[in-house]
Colleague: 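Encoded as structure tokens, here's the structure I'll be asking about.
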Amino acid sequence: MSSAHRLDPIARRLKDAGLRPESVRDYAGLIALPVQSKDEVRLAQLADPPFGGLLSAEARPRRIFQSPGPLYEPQLDGDDPWRWGQALAAIGIGSRDVVMNCFGYHLSPAGVMFDEACGSVGAGVVPGGIGSAELQARAVHDLPLTAYVGLPSYLKVLIDSFKSADLDPQRWEIHRAVVSAEPLPDTLREELKAAVPHVISAYGTAEAGLIGYEDAPGAGLIIPEGVLVEICDPISGEPVYDREGQIVVTLFRQDYPMIRFGTGDISAWVTGTDGTLRLAGVLGRVGDGIKVRGMFLQPDQAYRYIAGRPGVGQFRLVVDRVDHRDSLTVEVVLEDGADERTTLNDVRSRVRDGLRFACDVVAVPSLAESSGSIVDHRDWK
């Protein structure tokens, strides 16, 4: 793949928008380029695998990740290529710390993202991943762990596991946490602070890395260095400053450029205590996709892996939240004569292996026509 070939996707976007390359030399020129959605990136990767023709011929990815979609992302060379180290430094995590990293290391990039971030600030890492809370609690007791990165809900699981294991409370020394990939409501923040005094929330995506982080609760998300962030009208793609809109990201990387990528997340601008513009956090989503346990779940994915399976007449996925943890249940209307146990076990396996979610699967007599394929009952208050 030549260097010229890798620019073909951008050249096509410019041509489709009626733009010439020389017209995009400043911000006014940049915003004339339409926003590119996640679905458009997925289609580009299907047409020109694996990276949609954007990766430089000279680039040699250190790792390649697969996120739900599927979407493929390369890890490029460089120190902390996703910039998450800025969030760790903001809360004071550094060379004297050992961090329990409870993001997943398998296929999706979050675990490695934070592993690299810890290295960039000189901190040690225990690669805990997701699950095995009892073993992780024992590690907190036995090792000099002082910080945590992961889902806020999983930090609560870890705290509860430590308490229930009847371990020496004096050995709990985790005093700082950077949490991400799901909302941090005030009620959960207060629960966490009883065991971890300093907790901040950060926001990013698998494609773009860190996009915003707190320096104090409720103060808005600071835009990190190395990324251009816009809030744009979801329909026109034009920047907006006085209302909600889609978070749009540009990364001027020579090896793998990302130009006006629409994250699908809704936010708004707020003014920080220092007078700078900050993100108000994630206020919603564009389209029908939702985030569950830190990973995206799209209706078309559900149809791909469940619809048409033997014994399945109708189905829907129901997301709820109990004790600050997401739950996922698949409700299935069985076809006449279908074996219930066989069908439900098959659906459970399809969701686990294809969508990468653990779930409950239950048979129901019927579903409302207007219920949709994914129903979200969560209350983030």
Side-chain angles (χ1 to χ4, degrees), residues 78-95 97 99-103 108-123 125 146-155 174-186 188-190 192-193 196-231 244-251 258 261 263-284 291 294 380:
D79 182 45
D80 190 23
W82 296 285
R83 305 172 305 284
W84 288 98
Q86 295 178 53
L88 303 188
I91 200 174
I93 296 175
S95 58
D97 290 294
V99 181
M100 173 64 82
N101 183 357
C102 286
F103 281 112
S108 56
V112 173
M113 283 182 169
F114 278 88
D115 204 294
E116 294 281 334
C118 290
S120 74
V121 298
V125 180
T146 55
Y148 167 94
V149 294
L151 300 174
S153 61
Y154 196 76
L155 177 54
I174 295 179
H175 296 143
R176 291 179 174 83
V178 176
V179 298
S180 188
E182 63 183 15
L184 176 59
D186 290 341
L188 178 56
R189 190 193 294 267
E190 290 305 310
L192 298 178
K193 286 176 66 176
V196 184
H198 307 288
V199 180
I200 65 169
S201 180
Y203 161 68
T205 70
E207 302 83 9
L210 178 66
I211 298 173
Y213 63 93
E214 292 181 319
D215 60 353
L221 302 179
I222 298 169
I223 306 301
E225 296 178 5
V227 58
L228 173 65
V229 177
E230 305 171 79
I231 302 293
E244 295 180 5
Q246 179 179 201
I247 300 171
V248 174
V249 176
T250 296
L251 296 172
M258 176 180 288
F261 170 73
T263 63
D265 292 319
I266 296 294
S267 191
W269 291 116
V270 296
T271 303
T273 55
D274 58 358
T276 61
L277 285 179
R278 302 183 179 191
L279 292 174
V282 177
L283 307 177
K291 188 174 280 189
W380 294 104

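The first residue of the sequence shown is numbered 1, and numbering continues consecutively from there.
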Colleague: If you look only at pairs with a residue in residues 84-95, which of them pass as a salt bridge (charged side-chain N to carboxylate O under 4.0 Å, His left out), with sequence neighbours excluded?
Modeller: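 Passing the test, one end in residues 84-95: no pairs.
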Colleague: Does some side-chain heavy atom of Trp84 sit less than 4.5 Å from a side-chain heavy atom of Ser180?
Modeller: yes
Colleague: For the side chain of Gln246 and the backbone of Gly264, is there at least one donor-acceptor N/O pair under 3.5 Å apart?
Modeller: yes
Colleague: Sorted by first residue and then second, give each side chain to side chain donor-acceptor pair (under 3.5 Å) pair with at least one member in residues 214-223; sequence neighbours left out.
Modeller: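 Pairs touching residues 214-223 that pass the test: Arg189-Glu214, Asp215-Arg278.
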Colleague: Closest approach of Ala147 and Ile93, non-hydrogen atoms and distance?
Modeller: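 Minimum heavy-atom separation between Ala147 and Ile93: CB-CD1, 3.8 Å.
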Colleague: Between Asp79 and Ser120, do the side chains contain a donor N or O and an acceptor N or O under 3.5 Å apart?
Modeller: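 Not at all, the side chains of Ser120 and Asp79 share no donor-acceptor pair under 3.5 Å.
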Colleague: Going through the checks in order, is the side chain to side chain contact (heavy atoms under 4.5 Å, CB included) test met by Ile247 and Ile211?
Modeller: CA-CA 9 Å; Ile247 300 171; Ile211 298 173; 4.2 Å; yes
Colleague: Filter on salt bridge (charged side-chain N to carboxylate O under 4.0 Å, His left out), then keep only pairs touching residues 199-212, sequence neighbours left out; what's left?
Modeller: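 Residue pairs with at least one partner in residues 199-212: Lys38-Glu207.
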Colleague: Can you check whether Glu182 reaches Lys291 side chain to side chain, under 4.5 Å on heavy atoms?
Modeller: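 SC-SC contact between Glu182 and Lys291 ruled out.
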Colleague: Have Asn101 and Tyr148 got a donor and an acceptor in their side chains that come within less than 3.5 Å?
Modeller: no
Colleague: Is there a side chain to side chain contact (heavy atoms under 4.5 Å, CB included) between Val199 and Val179? Walk through the geometry before answering.
Modeller: CA-CA 7 Å; Val199 180; Val179 298; 4.2 Å; yes
Colleague: With the side chain counted from C-beta on, respond yes when Ile200 and Pro217 share a heavy-atom pair under 4.5 Å apart, and no when they do not.
Modeller: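 Contact flag for Ile200/Pro217 side chains = no.
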Colleague: Can you give me the closest heavy-atom contact between Pro81 and Gly78, atom names plus distance?
Modeller: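 Looks like CD-O, 3.5 Å.
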Colleague: Would you please say whether a donor-acceptor pair under 3.5 Å links the side chains of Ser267 and Glu244?
Modeller: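 Looking only at side-chain atoms, Glu244 and Ser267 do not form any donor-acceptor pair under 3.5 Å.
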Colleague: What closest approach, in Å, do Asp265 and Tyr203 show between heavy atoms, and which atom pair accounts for it?
Modeller: OD2-OH, 2.7 Å
Colleague: Can you find a heavy atom in the side chain of Val196 that is under 4.5 Å from one in the side chain of Leu155?
Modeller: yes
Colleague: Sequence neighbours left out, cut at 3.5 Å: what donor-acceptor pairs do the side chains of residues 109-116 make with other protein atoms?
Modeller:
| from | atom 1 | to | atom 2 | distance (Å) |
| --- | --- | --- | --- | --- |
| Asp115 | OD2 | Tyr105 | OH | 2.6 |
| Glu116 | OE2 | Arg62 | NH2 | 3.0 |
| Glu116 | OE2 | Gln75 | NE2 | 3.2 |

Colleague: Using a 4.5 Å cut-off on heavy atoms from C-beta on, say whether the side chain of Val249 contacts that of Leu228.
Modeller: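 Not in contact.
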Colleague: Just to verify, what does Ile223 make a side-chain contact (heavy atoms from CB on, under 4.5 Å) with, not counting sequence neighbours?
Modeller: Val227, Val229, Trp269, Leu279
Colleague: What residues form a side-chain contact (heavy atoms from CB on, under 4.5 Å) with Ala87, not counting sequence neighbours?
Modeller: Val178, Ala202, Leu210, Tyr213
Colleague: Which heavy-atom pair separates Leu188 from Pro152 by the least distance, and what is that distance?
Modeller: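 That closest heavy-atom pairing would be CD2-CB, 3.9 Å.
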Colleague: Could you check whether any side-chain N or O of Asp97 sits under 3.5 Å from a backbone N or O of Val99, counting only pairs where one atom can act as donor and the other as acceptor?
Modeller: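 No, the answer is negative, given that no donor and acceptor are paired below the 3.5 Å cut-off.
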Colleague: Going by heavy atoms in the side chains, are Leu251 and Arg83 under 4.5 Å from each other?
Modeller: yes
Colleague: When you measure from the side chain of Arg176 to the backbone N and O of Ile91, does any donor-acceptor pair fall under 3.5 Å?
Modeller: yes
Colleague: Report yes if some heavy atom in the side chain of Thr276 is under 4.5 Å from a heavy atom in the side chain of Ile222; otherwise report no.
Modeller: no
Colleague: Report yes if the side chains of Thr263 and Val248 come closer than 4.5 Å at any heavy-atom pair, otherwise no.
Modeller: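 No, every pair of side-chain atoms sits at 4.5 Å or beyond.
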Colleague: Would you compute the distance between atom CD1 of Ile174 and atom NE2 of His198 and round it to the nearest 0.5 angstrom?
Modeller: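 One gets 13.5 Å once the value is rounded to the nearest 0.5 Å.
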